[in-house]
Each structure stands twice: as structure tokens, then as C-alpha cells.
2 protein chains.
Amino acid sequence: MTSPTPIRVVLADDERMVRTALRAILSAEPDLEVVGEAATGAEALSVVRDVRPDVVLMDVRMPEIDGIRATEQILATLDEPPRIVVVTTFENDSYVYDALRAGAAGFLLKRADADALVQAVRLVARSDSLLFPAAVRTLAAEHARAHPAPPAWVAKLTEREGEVLRHMARGLTNAEIARRMGVGPATVKSHVAAVLAKTGTRDRTQAVIAAYEARFLNGG
Amino acid sequence: MTSPTPIRVVLADDERMVRTALRAILSAEPDLEVVGEAATGAEALSVVRDVRPDVVLMDVRMPEIDGIRATEQILATLDEPPRIVVVTTFENDSYVYDALRAGAAGFLLKRADADALVQAVRLVARSDSLLFPAAVRTLAAEHARAHPAPPAWVAKLTEREGEVLRHMARGLTNAEIARRMGVGPATVKSHVAAVLAKTGTRDRTQAVIAAYEARFLNGG
DNA sequence: CGGCGTCTCCCCCGTTCGGCGGAGGCGGAT
DNA sequence: ATCCGCCTCCGCCGAACGGGGGAGACGCCG
């Protein structure tokens, strides 16, 4: 059942102890072979280019180039790139998203036990026919589309104008906004006019549209 | 390295041949044991309740109760539920999302080779410390928020009313909408009134808000 | 001190909007 | 043949809206 040629693995982590531990775990398996190590993202790039491994265990936090960027560059520059498993200590969500978007084949926590580690390596080496393959990428892409950079006018709104826009985006009239904010209707009119000017819109409807497009509303 | 007690697996698929094939593959591994089979979602539920497996390979399409619902119910009703791997022929995105949302531990294509299959079973049995665990759930949750069920009023809008609402949501006035649609302003007024009535809103701004909240606009 | 931005409020004016009721034509369903 | 839904349009009215211009108060900063 064991394949004739072992799975060639490169370890990229700035801490020597981590590399040593990983090497010890992987070397105990006859079908796995650690063929290189790197302590920085840049080093990882050149090592991978030289030894052409099947799998890379890539730490996120590393000097010079972090693991995410190293992953991107490896996948972008090599013809038949290795499968890359991003390794980190904490399951920071944005790391996971970044790793997915960068094209990593998997995401592994350092607290994972030895058995999970070796099975992860075998798994990613075997291709992505398993466990949320391509679809996970589309999820990550969707996540990226869901968090675009906000337009410039958002920062230019004063606090009061922002409040008014929020109320406008809830469908309130000027009079209602005035009541809720404890000011006169004329004041609200002024704020609305300022909002229209800064958003480059001509009426409250267009302003609300702009607010939605800019994802100006936090809840919703 | 092999654990003393084998991993207990239940197969749920309405096609006998698939079950036989899976059983053949899994039985060849000393650390895996097929302890039950089910041909329907309902059957899967009772079998799992009886034999208490570690892992369930669950087909999506099944009579009576589909695999997704069966997964939901198993996870909801059992105290220490098994890890469930959803199996299907095509990598339909919505299936993947549904599986994730239902709480499945993995997603497997039927075209996956035997080795990938057994490693998948071993992997999910070993817990989710690996390959996009909890974070994948949050992604799925985000996807669910991004694609909620549209409100009832969407279906009740006539074609013309829908067009008008789209134009309203682009910030056009009644007169502009009338020009673009090649009708009189009075006609647009009628359509707008109908839209307001059916959406339960009192002015165009609130209607546009409703359109955005309902994701009535396809692009954007 | 003197500008500057912000928040507050005022008046006037024309436009737009939304609510009301009505009407005719057209096509599908019963 | 009749009803019903949809699309098309009409007039009238009050309310809300947006533009214009202005003004006083406050605080910040150079």
C-alpha cells in the first residue's frame, strides 16, 4: 500500500525547535521524507525551487517574507508547485482566509498531534479530491468580495453626518431623524445636505444606495 | 501505530453497489470496520443510533430523507454524534455549503480513489484539528448570511414592478424611470405605489432598503 | 487673536413624492 | 361571458424633499 517513492517534504519555520520536532515526527514514517528546511520565507522559496518537494509545511510568521506571501510566490513562480500546508499556532480567522486565498492546500494548527500531522501531509500530497477542495477557494473568494475597501467619502463624513446617514438608511424621514437625535428638523436638513454633497448624490435614496454599496452599515 | 480499537464506520447510500464498493475498500484496512449500512436517510438515523459508529459516510441523494437532513438530525439528536462525511458524485457548490452548515466534518467525491477514501475516514475520525476546521464553519455561516431566503414579496412583484424597483434602487426619479421604460410618469407612479404596497414600505427609500436587504439586485 | 470646521437652526422656493380615486384595454382563467 | 390581474394613464392634494442662502455658538489650531 505504501507508494514506492516517498512523499518529499520541506519544513519552513523560523524556530529551529519546531523544525526539529516536525522532522522527528515525519521521519518516523517510512513513506515521508524531509528533504529541506527553511527559516525564512525567502529561504523557503529558494529551497523549494531547488529540491522540488511534494509538500511544504509553511509557518505563517517568519522574518523577511511571511508564510502567506511565500506561499503566493511559490505557487505563482513554479510550474508544478508543491502542495502547501500553512501552519500556525492560533486559528486566527484572517490567517485561514489569507492562506486559502494564497492557494494553500491546507491549514494546520501547531497543537495538532503527531498522527494528525502525518496524515495531513499524506492527504495533501494525494491531491485535493477530499475535504472541501475547490469549493473552499470560492468561499474564500466570496469572503474577499464581501470585504472591499470602503470609498473615500466614508472618512470625510462627520460623526453627526454619519449618524444621519445611518438613520436615512433605516428609512426614516428628516422629521423622525430629528426626533431621534434630539435636534430640530432644520439641523437634520443641514446634515442631509452635507451627506448628499460628500457622497456625490442628489437625493436621500441615492445616498442610501451609496451607503449600502459602501457597506457603510455595520449590522446587516 | 494502529490504534487498538478499530474505527467503526457506517455507510449510508441508496445504491447497493456503492455500499458494496465502499465496504470492500474500507474492510481491506485493519484499522477500519464497517459496522452498518443504510439505504435511506431515515434508516441511517436509526442505524447510527443503534451501532454508534465513529464515522458515517453519507450520500446526499437518498430517498425519504436526504443526506443533509439526516446529518442535521443525527448531530442534533445524538449526544456524542459520529463524524459525518458527506459523499456525492458532483462537487455541487451548494451541496458543499449545505454539508458544512449541517455540521458535516468533510466532503468527499465518489470519484476519489480508494486511498483517499480510507485516509479521509481516518482523518475525520481523528478529530478536526486539521484542514480548515472551525473556521470553515464560519465561512459557511458567512455564506449563509450572504444568501438568505428571499422574502415573500419578491415573488409577488409583477415583471413591471420589478423593473421599476430596480430603477428605483439605482437612484432614478419617477420621471427618469418613465423615460427609460418608455411609459408615462403616471404609469411609473402606479408601479411605485404597487411596489410600496407589496414591500410594506411607505416611501421609495424604504423600498430600496428592502430591495438591498432582500438582495433583490442580482449584480452588486 | 482670527481663521476654520462642526453643529445648530432659520426662511423661501420649486420639485418630487406618495395617497386618493378613477378609467380603459388586454389576456388568461373559470 | 365574466371575472380578475396586469399594464397603462389621468387629476388632485398635502406632505416631504432638496437647493439656496444665511446665521449664531463652540472648540481647535496656528
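First the proteins, then the strands, lettered A, B, ... as listed; each starts at 1.
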task: Determine, stepwise, if the pair A/V86 / A/T71 fulfils side-chain contact (heavy atoms from CB on, under 4.5 Å).
output: CA-CA 8 Å; A/V86 170; A/T71 299; 4.3 Å; yes
Short side-chain N/O contact to C/dC9 OP1/OP2 from A/S190, under 4.0 Å: no
message: So, applying side-chain contact (heavy atoms from CB on, under 4.5 Å) with B/L32, which one of B/I7, B/D54, B/I25 is it?
response: B/I7
- prompt: When the distance from NZ of A/K189 to P of C/dC9 is rounded to whole Å, what number comes out?
  reply: 14 Å
query: For the residue pair B/I74 and B/P81, what are the closest heavy atoms and their distance?
result: O-CB, 4.1 Å
query: In whole angstrom, what separates B/N174's CG from C/dG18's C1'?
result: 9 Å
- prompt: On DNA chain D, which is the earliest and which the latest nucleotide, 5' to 3', with an atom closer than 4.0 Å to a heavy atom of chain B?
  reply: D/dC6 to D/dC12
task: Over all heavy atoms of both residues, which pair between A/A104 and A/L75 is shortest? Give the atoms and the distance, please.
output: N-CD1, 4.4 Å
Whole angstrom value for the distance that separates P of C/dG5 from CD of A/E159: 18 Å
query: Separation of B/L172 atom CG from C/dT16 atom C1', in whole Å?
result: 14 Å
message: Under 4.0 Å, counting only non-hydrogen atoms across every strand here, what does B/A186 touch: a base, just sugar-phosphate, or nothing?
response: base
Residue B/R170 excluded, over 12 heavy atoms near CZ under 6.0 Å: no
field: Atom-to-atom span, CZ of A/R160 to P of C/dC9 - whole angstrom
entry: 9 Å
message: Using whole Å, what does the distance between atom P of nucleotide C/dG18 and atom NZ of B/K198 come to?
response: 17 Å
- prompt: Can you name the nearest heavy-atom pair linking B/V55 to B/V121, along with the distance?
  reply: CG2-O, 3.9 Å
- prompt: Are any of A/H191's side-chain N or O atoms less than 4.0 Å away from OP1 or OP2 of C/dC9?
  reply: no
task: Before accepting this row, confirm whether a basic side-chain N of the pair A/R166/A/E163 lies closer than 4.0 Å to the acidic partner's carboxylate O.
output: no
statement: Whichever of B/V188 and B/K156 has the more 5' nearest nucleotide on DNA chain D, that residue is B/K156
message: Heavy atoms only, 4.0 Å cut-off, all strands: where does A/T187 land among base, sugar-phosphate and nothing?
response: base
Nucleotide C/dC17, atom C1' - distance to CG of A/D203 in whole Å: 11 Å
